[in-house]
Structures are given as structure tokens and as C-alpha cells.
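In what follows, a structure is listed as C-alpha cells, so that the remarks can point back to it.
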Amino acid sequence: MPELPEVETTVRAIRPLMLGKCIRAVVIRSASLRWPLPRKLVRILPGQRIQGIERRAKYLLLQLETGTLIMHLGMSGSIRVVRSTTVPGPHDHFELLAKGGLSLRLRDPRRFGCVLWTQSPVADHPLLAGLGPEPLGPQFDGWYLFRVARRRRAPIKNLLMDGRIVAGIGNIYASEALHLSGIHPRRAAGRISLPRYERLADSVRQVLARAIEAGGTTFRDFVSADGAAGRFRFALHAYGRGNEPCRQCGHVIRKIIMGQRATYYCPGCQR
DNA sequence: CAAAGGTCCTGCTCGC
DNA sequence: TGCGAGCAGGACCTTT
């Protein structure tokens, strides 16, 4: 699904089209997402202007006049901006119709995503309050990782994917960052040196930044707001490359399962 | 039938 | 022994 770069790609695509637009109507075609989609949005949102479009972790935040719409794409979600007259697909659950003829549509076949509404400061919302720093922000660096990893026996990959530690790194980019920094995904987080954590933090930032430049990674469902697939798939070094040679050292990339999640690494250059 | 990119929640384990 | 943090696994759902 959409990890941080895919949500960022979506935000950047939506922003120039929808920022400042006034909402004309709201359509809920299916309210049964991860949590019930609040029906009152149909009543509350029309007449409100979209004042901000931001991302926090993998959450997409639409700042309106009286509150914030919190959206998550789950495993299979995507958001498109289309002409309001476009015929909706079977999994287009939620739609914001703007004045001027454009619509923002949420499509989510697996329905692991959500649309929530809060009138409080959005950072205080229970889903966001416990999140760790943004990996592309100033608080995230090698020292931070080293410090929070002390005495932890869980594998480093699990730590990277824990949103309370660092926000928004998903399964693909955890594998990629570990490959780039030469760290084995199963290595206990508490047994990695500070210099290696510096390198890992750099790798995380580099992989995410490059993926954003490429418009994200598309494996099956993800498309940006204009319907385009992400191109970072072709730049992946580990994820999805089981039995293929490492681009770095030539060893065969291995696929293992960690916590029921596919994990790819190179036995040659990752220790 | 297995697997798919997320993450919340529950209950267990381990170390202090 | 008891407590809490950390950790593993299940749950959610549809499509290929």
C-alpha cells in the first residue's frame, strides 16, 4: 500500500488542484471502512473552504474551516482528483465535490483505510498523538535511532516500521533502507552501533526522498491523484527482488517472512 | 489457496 | 511476586 512517499506524492498532486476550493457536496457510497465513515460529513462540510492539504506519517490531512479531515489509504487506497461527472468505480467510497467541477475521490478495495473528522488540533487526535518524528524532519537522525533502540531485542526492521519510533516508513522502504545501509533486517535493534545508525538514518532519508521524486512505488493498487503509477518500483534494490542478483554485490536477494510481512535482503552485503 | 504495500488492539513474556 | 515495557499475533477486507 501507500507508504510515506506515496501519500506525499498524493498530497503534492492534490494540493494545486484542490487547495482553496469550496466544497459543494459530499457523497458517501460506502461508510464501512476501517472505522465507520461519519455520515454527518455530508451535512458539515458543504460550504467550507479547503485551507490546507498536509501529510503526517501516512495520514493525509485536509484542513477545513471548522476542523480537519483525517484520511488514511490503508493497504489498497488511492485518492484521485477527477471531474465530478466521471462515473465512479465500485470501490469509490467517498467523494468531495468542489465548486468548479472537480471531485476528490477515495478508492479503497480492501477498505483498510479511513476518513475521520476532528475539530480539535489535529496533532492531538489519538491516531496522531503517539507518532514518532517524521523521517524527513529535523528530529530524525542516527543518534535518535541509537537512543530509542537501546536495550531493544526486536529486529531493527520492526523498529523502523513502528510508527511510535519513526512515522510512515512502511514495509517496502524498511527493506530498501536496510539494504542501502548494509544492515541485516533481523539484527537486534539494541546491538547496532551509533555509526551504523547514522548511516541507516541517512539511508532512510535518501530512499524516501528518491521515492518521492519518482512519484512513489506502484506494486498493484497505488496511483497518484492523476491516475499515474509510481516509478520507484524500477529503482528498488531489495523489495520484490527475491532470487535476483544484488545490484551491489551480486549475491542472490533472499525473501524471508518477518511478522507475517515479506522482507527482502542481501546475504552478501547486509550484516 | 496464498499473499498483498497498514496498524490497532489484546494478551503474553521477560527483566527489573 | 508484581509491574510495566516490549513484543508477537490476530483482526479488519477484497482482489488477484
Side-chain angles (χ1 to χ4, degrees), chain A residues 1-10 29-37 55-60 70-79 89-94 106-116 125-132 135 147-179 185-191 207-208 211-212 214-224 229-242 255-264:
Chain A
M1 110 95 211
E3 302 179 32
L4 185 152
E6 289 73 38
V7 180
E8 183 65 27
T9 295
T10 301
R29 298 194 177 82
S30 167
S32 58
L33 299 187
R34 171 154 199 179
W35 295 289
L37 207 154
R55 175 191 63 73
R56 170 74 170 116
K58 295 170 191 162
Y59 294 93
L60 195 147
I70 302 172
M71 308 175 81
H72 196 289
L73 302 179
M75 294 273 269
S76 60
S78 59
I79 290 176
H91 304 291
D92 289 343
H93 308 307
F94 178 74
L106 172 69
R107 173 176 299 185
D108 186 3
R110 284 179 76 183
R111 289 196 265 119
F112 280 9
C114 67
V115 178
L116 298 171
H125 190 277
L127 288 176
L128 307 193
L131 288 172
R147 192 158 37 85
V148 298
R150 274 190 248 196
R151 272 174 263 108
R152 295 212 182 212
R153 292 168 322 212
I156 180 57
K157 184 185 180 233
N158 297 15
L159 204 76
L160 280 184
M161 292 181 56
D162 184 340
R164 295 165 301 184
I165 303 293
V166 52
I169 301 178
N171 200 37
I172 293 178
Y173 299 106
S175 277
E176 289 301 304
L178 288 167
H179 180 266
R186 281 206 213 270
R187 175 164 290 275
R191 302 195 48 203
V207 163
L208 295 177
I212 291 169
T217 302
T218 296
F219 257 88
R220 43 184 68 192
D221 300 297
F222 175 74
V223 289
S224 182
R231 302 179 307 279
F232 195 69
R233 177 176 179 174
F234 307 107
L236 294 173
H237 283 245
Y239 190 87
R241 298 194 66 245
K255 177 185 178 179
I256 56 176
I257 303 298
M258 292 179 64
Q260 293 125 278
R261 311 302 300 280
T263 304
Y264 297 84

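The structure presented is a predicted model; accordingly, all values stated were derived computationally and were not measured. In the text below, chain A, chain B and the rest are named by the order of the sequence lines, each starting its count at 1. The figures here come from the full heavy-atom set of this structure, side chains too, leaving out hydrogens, waters and symmetry mates.
Atom-to-atom, CZ of A/R55 to P of B/dG6 comes out at 14 Å; the value is rounded to the nearest Å. Rounded to a whole Å, the CD1 atom of A/I257 is 7 Å from the P atom of B/dA3. Between A/H93 atom NE2 and C/dT14 atom C1' there is a gap of 9 Å when expressed in whole angstrom units. In this structure, CZ of A/R56 is placed 12 Å from P of B/dT7, rounded to the nearest angstrom. Counting to the nearest Å, the P atom of C/dA11 and the CH2 atom of A/W35 are 17 Å from each other. Taking atom CD1 of residue A/I70 and atom P of nucleotide B/dG6, one finds them 19 Å apart after rounding to whole Å. Separating the CG atom of A/L33 from the P atom of B/dT7 is a distance of 15 Å, rounded to the nearest angstrom. Regarding A/R150, its CZ atom lies at a distance of 17 Å from the C1' atom of C/dG6, rounded to whole Å.
Using a 4.0 Å heavy-atom cutoff across all strands shown, A/Y59 reaches sugar-phosphate atoms only and no base atom. Contacts of A/R152 with the nucleic acid, taken as non-hydrogen atoms under 4.0 Å apart, involve only primed sugar atoms and P, OP1 or OP2. Across all strands, A/N158 comes closer than 4.0 Å only to sugar-phosphate atoms, never to a base (heavy-atom distances). Within 4.0 Å of A/G259, counting heavy atoms only, lies no atom of the nucleic acid at all.
Other residues, nucleotides and ligands contribute only 12 or fewer heavy atoms inside 6.0 Å of the CZ atom of A/R151. Within a 6.0 Å radius of CZ in A/R147, more than 12 heavy atoms belonging to other residues, nucleotides or ligands are found.
In this model, a side-chain donor or acceptor of A/R110 finds a partner on the base of C/dC13 within 3.5 Å. A/R34 contributes a side-chain N or O that forms a donor-acceptor pair with the base of B/dT7 under 3.5 Å.
The residue among A/R153 and A/L127 whose nearest nucleotide of DNA chain B is located toward the 5' end is A/L127. Along DNA chain C, the nucleotide closest to A/A154 and the one closest to A/Q260 are compared, and the more 5′ of them pairs with A/A154.
The side-chain tip of A/R110 points at the ring of A/F112 from less than 6.0 angstrom away and within 45° of straight on.
Annotation for A/I212 and A/T9: closest pair O-OG1, 4.1 Å, computed over non-hydrogen atoms.
Pairing of B/dT7, defined by two Watson-Crick or G-U wobble distances under 3.5 Å, is identified with C/dA11.
In this structure, A/H72 does not reach the B/dG6 phosphate: none of its side-chain N or O atoms is under 4.0 Å from OP1 or OP2. Distances shorter than 4.0 Å separate some side-chain N or O of A/K255 from OP1 or OP2 on B/dA4. One finds no side-chain N or O of A/H91 lying less than 4.0 angstrom from the OP1 or OP2 phosphate oxygen of C/dC13.
The aromatic rings of A/H72 and A/Y59 stand perpendicular to each other, their planes meeting at an angle above 60°, with 30° marking the opposite boundary.
Between the CZ atom in A/R111 and the OG atom in A/S30 there is a gap of 5.0 Å [rounded to 0.5 Å].
Using atom P as the reference point in both C/dT1 and B/dG11, the two lie 23 Å apart (nearest Å).
With centres under 5.5 Å and a plane angle under 30°, the ring of A/F112 is stacked against the base of C/dC12.
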